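Take a look at the structure below.
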Amino acid sequence: MPLAKPTVAQIQELAARYPSKQSAIIPALWAVQHEQGYVSDEAMGEIAQHLGLPPSLIEATASFYSMFLTRPEGRHDVVICVNAPCMLRGADEMAAYLERQLGVRDGQTTADGAITWHSTIECLGACGGAPMMQVDHRFEENLTPERIDAIVQGLRKEPAPHGAEPKRTARPRVKKAQS
Ligand code: FES
């Protein structure tokens, strides 16, 4: 699906704003993900074209950062942190509880297409609120089973945070090693 005109205009504006075009890659990826729900190979090609950079550079950036989705997933993206500080405050139990409540394994999408979830060993930068998870682009901290229930119930009713309604997939996402 070609990018919408406002997204193309945004990428062109980003290309003009930064002295180095490489600085525009991450905001351009965000612009595409907000429009389409994920960043397809086709969209990466368009970004490369508008920024005048090799497509391999766009792909390398999109695949390096776990916040970018490179294939369609559920309406909502839930990432639960299982790095050491969160683990010490019960992240394992919260991840197991989330898995039971959603009825799908790590990396999969719920049957109603509402939620794709996965765990990550990358610290998400909110250790003070451990255990925590990232729901779309916001943090949910100090998780308990009750809080997870409330969050999941809300997400099942909420539309996607972006305009596009991505198709479902049950393929697991690749977890990235901590750098
Ligand atoms: S270890 Fe989980 S947010 Fe830092």
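All of these numbers come straight from a predicted model, not from anything done at the bench. Whatever order the structure lists them in is the order used to number ligands and atoms, beginning at 1.
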Which atoms of ligand 1 are found less than 4.0 Å from any heavy atom of [X]?
| X | result |
| --- | --- |
| G125 | 3 (S) |
| N83 | 1 (S) |
| P85 | 1 (S) |
| C127 | 1 (S), 3 (S), 4 (Fe) |

- Message: Suppose you place the vertex at atom 2 (Fe) of ligand 1; what is the angle out to C86 SG and C81 SG, to 10°?
- Response: 100°

- Message: Between the side chains of E158 and R75, is the shortest nitrogen-to-carboxylate-oxygen separation below 4.0 Å, so that they form an ion pair?
- Response: no

- Query: How far apart are the closest heavy atoms of L51 and A24, and which atoms are they?
  - Reply: CD2-CB, 3.9 Å

- Might you point out which heavy atoms bring N83 and I121 nearest each other, and give the distance in Å? ND2-O, 3.0 Å

- Task: Please test E59 against T70 for side chain to side chain contact (heavy atoms under 4.5 Å, CB included), starting from the C-alpha separation and ending with a verdict.
- Result: CA-CA 9 Å; E59 288 165 24; T70 54; over 6 Å; no

- Message: Distance alone, cut at 3.5 Å: any donor-acceptor contact between the side chains of T116 and D77?
- Response: no

- Query: Does some non-hydrogen atom of A130 fall short of 4.0 Å from ligand 1?
  - Reply: no

